[in-house]
Amino acid sequence: MHKSFVIDGTHCTGCKGLLEDVIKDVPGVTAVTVDPQNGKTEIEHNENLDFNQLKKEVAEAGQYHIEE
């Protein structure tokens, strides 16, 4: 399964690395790519993904917010 969204607050390669590490550790996520310039995020996931948990983990990583 595939999902795309934008993470507000992403602006550099440091953000990219941090967010990719956080997101890939969320149960159900199998792959993740974050574009550091615009925050566009692409994930591959299985049916076990809890998107609310993913949003919580991203918010707890810093000043980030998933736009839906």
Side-chain angles (χ1 to χ4, degrees):
M1 301 171 129
H2 179 85
K3 187 164 186 72
S4 300
F5 49 89
V6 172
I7 300 177
D8 187 39
T10 307
H11 62 276
C12 67
T13 57
C15 294
K16 171 185 172 61
L18 172 66
L19 290 167
E20 287 179 351
D21 285 346
V22 167
I23 293 169
K24 74 180 179 184
D25 288 340
V26 173
V29 174
T30 58
V32 58
T33 304
V34 176
D35 183 332
Q37 294 179 340
N38 60 19
K40 185 173 180 185
T41 303
E42 306 277 337
I43 64 168
E44 296 292 331
H45 63 91
N46 61 35
E47 64 279 351
N48 297 325
L49 175 67
D50 179 347
F51 194 66
N52 287 326
Q53 180 181 358
L54 187 144
K55 290 185 343 185
K56 179 182 173 197
E57 297 290 336
V58 166
E60 289 178 356
Q63 298 295 319
Y64 303 107
H65 173 74
I66 293 179
E67 297 178 11
E68 293 187 73

>> Run the side-chain contact (heavy atoms from CB on, under 4.5 Å) test against Gln63 and tell me which residues pass, sequence neighbours left out.
In response: none

> Do the side chains of Leu49 and Ile43 get nearer than 4.5 Å, heavy atoms only?
Replying inline: yes

> Would you call Leu18 and Tyr64 a side-chain contact if the rule is heavy atoms closer than 4.5 Å?
Replying inline: yes

> For Cys15 and Gly9, which heavy atoms make the closest approach, and how far apart are they?
Replying inline: SG-O, 4.0 Å

> Which ring-ring contact (aromatic ring centres under 6.0 Å, His included) pairs, counting each pair once, include a residue from residues 13-48, with sequence neighbours left out?
Replying inline: none

> Taking only residues at least two apart or on different chains, which pairs with a member in residues 1-12 satisfy side chain to side chain donor-acceptor pair (under 3.5 Å)?
Replying inline: His2-Ser4, His2-Glu42, His2-Glu44, Ser4-Glu42

>> According to side-chain contact (heavy atoms from CB on, under 4.5 Å), who are the partners of Ile66, at least two apart in sequence or on a separate chain?
In response: Phe5, Ile7, Phe51, Leu54, Lys55, Val58, Glu68

>> For a 4.5 angstrom cut-off between non-hydrogen side-chain atoms, does Lys24 reach Asp21?
In response: yes

> For Asn38, what residues pass the side-chain contact (heavy atoms from CB on, under 4.5 Å) criterion, not counting sequence neighbours?
Replying inline: Asp35, Lys40

>> Among residues at least two apart in sequence or on other chains, which ones pass salt bridge (Lys or Arg N to Asp or Glu O under 4.0 Å) with Glu57?
In response: none

